[in-house]
Amino acid sequence: MTEEEKRLSALYQSLDKENSPEHVDARILAMAKQGALVHTVPLDVKQPSRWTAWRWPLSSVVSAALLVGILFFTTSPLLPPEEQAVSASSYDMVPSAPKQARREYQAMPEQKRQLAQSIEREAAAARSKTASVLPAAQISERLAEVDRLVASGELQQAGTLLMSLVEEAPEAKARLSEGQLALLQEALHRRSTNQ
Amino acid sequence: MSFAQPRYDGTSLALGQQSDEELMLAYAAGDLQAFCQLYEQHKNPLWRFFVRRGMATECAEELVQEVWQRVITSAPGYQPSARFTTWLYQIARNLLADQHRKAHRRFTLVSDESEALESMASQDYPDTITEQGRLALRLKHCLGKLPALQLDVFLLKEEAGLTMEQVATIMGAGLDACKSRWRYAVANLSKCIGMGAPADD
């Protein structure tokens with residue numbers, strides 16, 4: 001700011017200060033009061049309709065239900081569990097079978113394929129039946145019982161026990177000693193002659 | 001030019017500590033006291049902004065009311081993107097321009113008034129008043145003779161206390177143009193009251 005500007009500014013500030021007339025102030029403050037009342041009144045607040053109020057919860061529930069439905073129908077099995085297991089095993093069999101066998105299998109008519117599946121099921125059931133139901137510890141226990149009967153001279157009883165053990169657990173045959181094998185043969189012979 | 005954007009939280013500051021922008025937001029929220037304080041701060045400088053242009057009192061009253069009415073009606077949508085003072089004087093100046101258009105008045109150039117300005121310097125005043133008082137009286141008369149654009153710049157700076165950047169914003173003109181008008185206004189007023197040489201715009 002130059003000297004001239006400073007002097008002029010000081011001179012201007014020293015002028016009498018005219019003030020806004022009181023009646024103008026009163027009018028403006030009255031307008032402001034009215035304005036303040038208007039500002040505090042909420043603008044056209046409408047009561048929301050029942051649909052508007054429930055719109056979001058309803059649409060959320062419907063969406064969730066749809067999602068659960070889609071997930072249920074896309075992930076749950078259409079066949080009962082036992083049939084599904086068979087179907088899965090037969091399905092698994094197809095790609096792992098040799099090419100020619102697979103082609104034959106795929107070329108089978110539906111009835112034949114069902115028959116093959118049922119045969120496969122029966123064979124699986126028979127396999128599971130013939131499979132050992134006795135654990136190794138129990139086999140050892142039974143064999144020890146056989147030895148105890150032999151030692152006490154009850155040979156016939158020992159043979160019967162051995163025979164029933166081999167029937168229940170065919171793999172026990174591999175664990176028999178020569179004496180036990182002879183005892184088993186004798187018991188089998190005895191049964192065949194009795195029959 | 002950027003300003004921090006205050007948000008009215010309704011309670012935080014006492015009215016005396018609040019900025020103009022915060023007061024305006026408070027009024028927009030329905031606080032009449034905030035408006036009263038805002039009005040108290042700006043009513044007299046705004047009044048003088050009108051009357052020192054040589055405007056008739058009735059006309060100045062009308063314009064002042066119109067300015068504040070616009071402030072009141074704009075309050076609900078008020079956004080403090082600029083200083084309140086800048087906004088207030090922008091309204092005032094727009095109303096002045098409308099007034100001039102209605103009255104088919106033209107802003108006069110300083111060269112048209114040079115004779116009148118010079119005649120003011122030689123005007124006689126009673127011997128009873130001091131030299132300072134004589135200069136003040138002359139200044140009042142000279143303000144009325146100053147070209148409108150120079151007078152606007154002078155009043156916005158001296159009366160409203162705005163910076164030259166804010167004046168430029170209100171005038172919708174470049175900063176250099178406003179500085180130039182300010183220099184011409186000072187030179188012309190100095191010459192008019194007998195303090196220096198006249199200048200042309």
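Labels below follow one simple rule: chain letters A, B, ... track the order of the sequence lines, proteins then strands, and each chain is numbered from 1.
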A.B. asks: Taking NZ, NE, NH1 and NH2 as the nitrogens, is one of them in A:Glu3 or A:Arg7 under 4.0 Å from a carboxylate oxygen of the other?
C.D. replies: no
A.B. asks: For the residue pair B:Trp87 and B:Tyr78, does the interplanar ring angle fall in the parallel (under 30°), tilted (30 to 60°) or perpendicular (over 60°) class?
C.D. replies: tilted
A.B. asks: Considering only heavy atoms, which portion of B:Leu135 lies under 4.5 Å from any heavy atom of chain A: side chain, backbone, both, or neither?
C.D. replies: both
A.B. asks: Among residues at least two apart in sequence or on other chains, which ones pass side chain to side chain donor-acceptor pair (under 3.5 Å) with B:Glu159?
C.D. replies: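 Residues passing side chain to side chain donor-acceptor pair (under 3.5 Å) with B:Glu159: A:Tyr12, B:Arg48, B:Arg52.
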A.B. asks: B:Gln90 and side chain to side chain contact (heavy atoms under 4.5 Å, CB included): which partner among B:Thr169, B:Val67, B:Thr85, B:Leu95?
C.D. replies: B:Thr169
A.B. asks: With chain B as the partner, which of A:Leu8, A:Val24, A:Asp16 has the greatest number of non-hydrogen pairs under 4.5 Å?
C.D. replies: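 Ranked by contacts with chain B, first place is A:Leu8.
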A.B. asks: Does any heavy atom of chain B fall under 4.5 Å from the side chain of A:Ser14, the backbone, both, or neither of them?
C.D. replies: side chain
A.B. asks: Side chain, backbone, both or neither: which part of B:Leu143 has an atom under 4.5 Å from a heavy atom of chain A?
C.D. replies: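 Only the side chain of B:Leu143 comes within 4.5 Å of chain A.
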A.B. asks: For chain A, which of B:Lys140, B:Lys157, B:Glu40 has the most heavy-atom pairs under 4.5 Å?
C.D. replies: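 Heavy-atom pairs under 4.5 Å are most numerous for B:Lys140.
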A.B. asks: Can a salt bridge be assigned to the pair A:Glu145 and A:Arg148 using a cut-off of 4.0 Å between side-chain N and carboxylate O?
C.D. replies: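 Answer for the salt bridge query: yes.
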A.B. asks: Go through it in stages, so that I can follow the logic: the residues are A:Ser164 and A:Arg142, the test is side-chain hydrogen bond (donor to acceptor under 3.5 Å, both in side chains), and I'd like the CA-CA distance, side-chain angles, deciding distance and then a yes or no.
C.D. replies: CA-CA 10 Å; A:Ser164 68; A:Arg142 294 264 191 100; 4.7 Å; no
A.B. asks: Please classify the contact between B:Leu155 and chain A as side chain, backbone, both or neither, with a heavy-atom cut-off of under 4.5 Å.
C.D. replies: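 For B:Leu155, side-chain heavy atoms alone lie under 4.5 Å from chain A.
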A.B. asks: If you count heavy-atom pairs under 4.5 Å between each of A:Met31, A:Glu18, A:Lys33 and chain B, which one has the most?
C.D. replies: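 If we count pairs closer than 4.5 Å to chain B, A:Glu18 comes out on top.
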A.B. asks: Which answer fits B:Phe50, side chain, backbone, both or neither, if we ask what part of it has an atom under 4.5 Å from a heavy atom of chain A?
C.D. replies: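 Neither part; nothing is under 4.5 Å.
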